[in-house]
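What you see below is based on every heavy atom in this structure, not just the backbone, and it leaves out hydrogens, waters and symmetry mates.
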Amino acid sequence: ANGRVAAAARQFLTPEAARNWDDSVATTIVLRADLSAEGGRTGDHAEYTLRGEKVGTLDPGGIFRDDQGSVEVTIGLTRTDGQWRIDELPAGVVIERTEFFSTYAQRDLFFLSGNGNTLVTDPRWTAADRNGLGFSLVNLLATGPRPALQGAVDSRVPDSVSVRPTETGGDDDPVGTTIDFSGLPVLSSQATTEFAAQVVWTLARADVPAPYRLERDGSPLDERYADGWTTDDVRDFAPYAAVDPIRYALTAADGLVRLEAGGARPADGPWSTVRGGRTGAMSYDGRTVAVIAGDAESGPRRLLVGALDSEPEEVITGRTIVGPTFHPADGRVWVMADGNRLVRIGVGGDRPSIEEMDARPILELGQRVTDLRVDQSGARLAVVVDGKVFIGSLDLETGHPIAGSFRRIGRSLGETATSVAWRDRATVLVGRDATDVPVATLSVDGAITEPLSQRNITGPVTEVAAAGREVYAVDQRSLLRLDTAAQTGDRYWREIGGLAAIQADPVVAG
């Protein structure tokens, strides 16, 4: 898309300016471009100044970067053969946000998590039209992940490969898409499946026609799939699998309660005896619970961890404890204690194991951490620091936060964030200390900010969670549920039966 924009722009340049103009550097996205004639003007020369409020930058490879600040560039025009042509133009492209969203479309590239059995989303912005889309996306895969994911993900698509379009257009052409890889080394059976998972899900999410005939130098990559791969063949890697709605909530007075069609009732287990519960989470296999408890508003906090059907065990105490959140691969619980200790706790043995982690990449972001959540792939960490939302990466080998990988998203929300949750691998849910938009969603790259329904919810919101099509928020009255797939007219926050006017917190996987 950048090339198309540049090609159109070059028609208005003088031949020399067209040769010298470098449009390959980052594209600056502004809220609105204002053009004014402020420079000197003669009969054959004029200068204009373009000003705009920056909202983002599109780096090479279609990588959006949430950004802010002012943009001011000078454009010079000269009269050539009776027509005005641009002869002075800075490098790069400046585009208005509305034009950006009509010219570009967001597509997901997929890379492999540390354990190799799940996919990590890497959104990119490419031309909105579909011409050669499959080939351009696979070539982007070969260039590797964005810089912020370096060291956090793996790939079976090496940078040594190239992709060539297959000749099509005849009446006998089979349905689907053929991708022929050149320079692809021989892969093991498992590596072939992982390679296919990356490519197939990248193409499928972009609506490139299936099945996908993946070839190496004109021959099928795997003879078993000579007729083509589909998402069913790599369904174990499905990045957006179905998720059950909420099943449990945490109350300060009645501990863990089970949510059923008839309303809320005690969970009938040891976790029902927990008092002072403030926030909780559940492991992805539904077997382990972690709860932060503390009776006084500003008193000490206790982290309780244990199996759903076993007695909770107090693991750590602190002046403050933020979290908890479960890692999807190893099932360990993460918390930030006393504002500066990042701890992960292994469960399932005779005694929980406690490991101090390197918190510096998070502490460098600001003073006060109020929430943190590991994503469903185990490659990313979302944190709220001083009312701002940051997304960072976790090291492929150690699992520790990677220094320099954290990027702020949702700048338009100001410094009002209180809590964050992963809605899916590409989107986070943000609770805010605000009355105008109490809950919003942000794309993981920060390009898209969308307010959720404001009907029947009153900010500030202190907690958010997500489970499939449903999202949850705790406002000043109670725990609320929103069905994001409902008809727009029915999309309002509803109280959960049995918990009306009771302060309760959602307990979901993650």
message = Between Q503 and R278, does the side chain to side chain contact (heavy atoms under 4.5 Å, CB included) criterion hold? Intermediate values first, please.
response = CA-CA 9 Å; Q503 199 69 27; R278 311 188 71 86; over 6 Å; no

request  = Using a cut-off of 6.0 Å, state whether more than 12 heavy atoms not belonging to R411 lie near its atom CZ.
outcome  = yes

Shortest non-hydrogen contact between T325 and G510, atoms and distance = OG1-O, 2.7 Å

4.5 Å side-chain heavy-atom contact, I391 and R407 = no

key: Neighbour count above 12 (heavy atom, 6.0 Å) for E356 CD   = yes

ask   = Does a donor on one side chain and an acceptor on the other come within less than 3.5 Å for T121 and R205?
value = no

task = Give, for atom CG of L363 and atom CG of N340, the distance between the pair rounded to the nearest 0.5 Å.
result = 6.5 Å

key: Test item: Y472 side-chain N/O and I246 main-chain N/O as donor-acceptor pair under 3.5 Å   = yes

ask   = Taking atom CZ of R408 and atom CG of D67, what is their separation to the nearest 0.5 Å?
value = 11.0 Å

task = For S393 and A152, work out which heavy atoms get closest and say how close.
result = CB-CB, 3.7 Å

inquiry  = Tell me if a side-chain donor or acceptor on R216 pairs with a main-chain N or O of L184 at a distance below 3.5 Å.
reply    = yes

inquiry  = With heavy-atom distances below 4.5 Å as the criterion, would you say the side chains of D445 and I63 are in contact?
reply    = no

Shortest non-hydrogen separation from S283 to R287 and the atoms involved = OG-N, 3.3 Å

ask   = From T193 OG1 over to R156 CZ, what is the distance, rounded to the nearest 0.5 angstrom?
value = 11.0 Å

message = When you measure from the side chain of R301 to the backbone of G299, do you find a donor-acceptor pair of N or O atoms at a distance under 3.5 Å?
response = yes

query = Would you say the side-chain atoms of R319 pair up with the backbone N or O of D338, donor to acceptor, closer than 3.5 Å?
reply = yes

Distance-minimising heavy-atom pair for G431 and V461 = CA-CG1, 3.9 Å

ask   = Would you say the side-chain atoms of T484 pair up with the backbone N or O of R469, donor to acceptor, closer than 3.5 Å?
value = yes

note = Note: A466 and W422 closest approach over all heavy atoms is CB-O, 3.8 Å

inquiry  = Side chains of L303 and V343, heavy atoms from C-beta outward: is any pair under 4.5 Å?
reply    = no

message = Does V199 form a side chain to side chain contact (heavy atoms under 4.5 Å, CB included) with W229? I'd like the steps, not just the answer.
response = CA-CA 10 Å; V199 175; W229 297 70; over 6 Å; no

request  = Would you tell me whether E194 and Q198 have side-chain atoms, one donor and one acceptor, within less than 3.5 Å of each other?
outcome  = no

ask   = Does atom CZ of R275 have more than 12 heavy-atom neighbours from other groups under 6.0 Å away?
value = yes

query = Take atom CD in E53; do more than 12 heavy atoms of anything else shown fall under 6.0 Å from it?
reply = no

ask   = Got a donor-acceptor contact below 3.5 angstrom from the D375 side chain to the R380 backbone?
value = yes

task = Hey, could you give me the CG/CZ distance between L365 and F406, rounded to the nearest 0.5 Å?
result = 6.5 Å

key: Within-4.5 Å side-chain heavy-atom neighbours: D233 and V200   = no

Donor-acceptor side-chain pairing of T230 and D232 below 3.5 angstrom = no

request  = Supply the atom-to-atom distance L372 CG to S419 OG, rounded to the nearest 0.5 angstrom.
outcome  = 12.0 Å

message = Can you confirm whether S113 sits close enough to V153 that some side-chain heavy atom of one is under 4.5 Å from a side-chain heavy atom of the other?
response = no

Side-chain heavy atoms of P123 within contact of S443, under 4.5 Å = no

query = Can you check whether K388's main-chain N or O pairs, donor with acceptor, with E415's side chain at less than 3.5 Å?
reply = no

task = I would like to know whether R124 and D122 meet salt bridge (charged side-chain N to carboxylate O under 4.0 Å, His left out); could you show each step before the answer?
result = CA-CA 7 Å; R124 304 296 180 94; D122 187 354; 2.9 Å; yes

inquiry  = With side chain to side chain contact (heavy atoms under 4.5 Å, CB included) as the criterion, how do T370 and V322 come out once you've worked through the C-alpha distance, each side chain's angles and the decisive distance to 0.1 Å?
reply    = CA-CA 6 Å; T370 58; V322 172; 5.6 Å; no

message = Keeping R432 on the side-chain end and L413 on the backbone end, is there a donor-acceptor pair under 3.5 Å?
response = yes

pair L499-L259: side-chain heavy atoms closer than 4.5 Å = yes

query = For F181, which residues count as a ring-ring contact (aromatic ring centres under 6.0 Å, His included) partner, sequence neighbours excluded?
reply = F195

request  = Keeping the roles fixed (side chain from S272, backbone from A267), state whether a donor-acceptor pair exists under 3.5 Å.
outcome  = yes

task = Please test R373 against E463 for salt bridge (charged side-chain N to carboxylate O under 4.0 Å, His left out), starting from the C-alpha separation and ending with a verdict.
result = CA-CA 12 Å; R373 291 287 183 271; E463 194 75 26; 3.1 Å; yes

message = Could you measure the distance from the CD1 atom of I345 to the CZ atom of F326? Nearest 0.5 Å is fine.
response = 9.0 Å

query = For A465 and L429, which heavy atoms make the closest approach, and how far apart are they?
reply = O-CD2, 3.2 Å

ask   = Would a 4.5 Å heavy-atom cut-off, applied to side chains only, mark D475 and W493 as touching?
value = no

request  = Please identify each residue that fulfils ring-ring contact (aromatic ring centres under 6.0 Å, His included) with F100, with sequence neighbours left out.
outcome  = Y104, W125

message = Under the rule for side chain to side chain contact (heavy atoms under 4.5 Å, CB included), what residues qualify as partners of E314, not counting sequence neighbours?
response = R302, L304, T317

task = Kindly determine whether I457 and L482 satisfy side chain to side chain contact (heavy atoms under 4.5 Å, CB included), including the steps that lead there.
result = CA-CA 10 Å; I457 187 170; L482 176 71; over 6 Å; no

task = Measure from the side-chain N and O atoms of W201 to the backbone N and O of D108, and report whether any donor-acceptor pair falls under 3.5 Å.
result = no

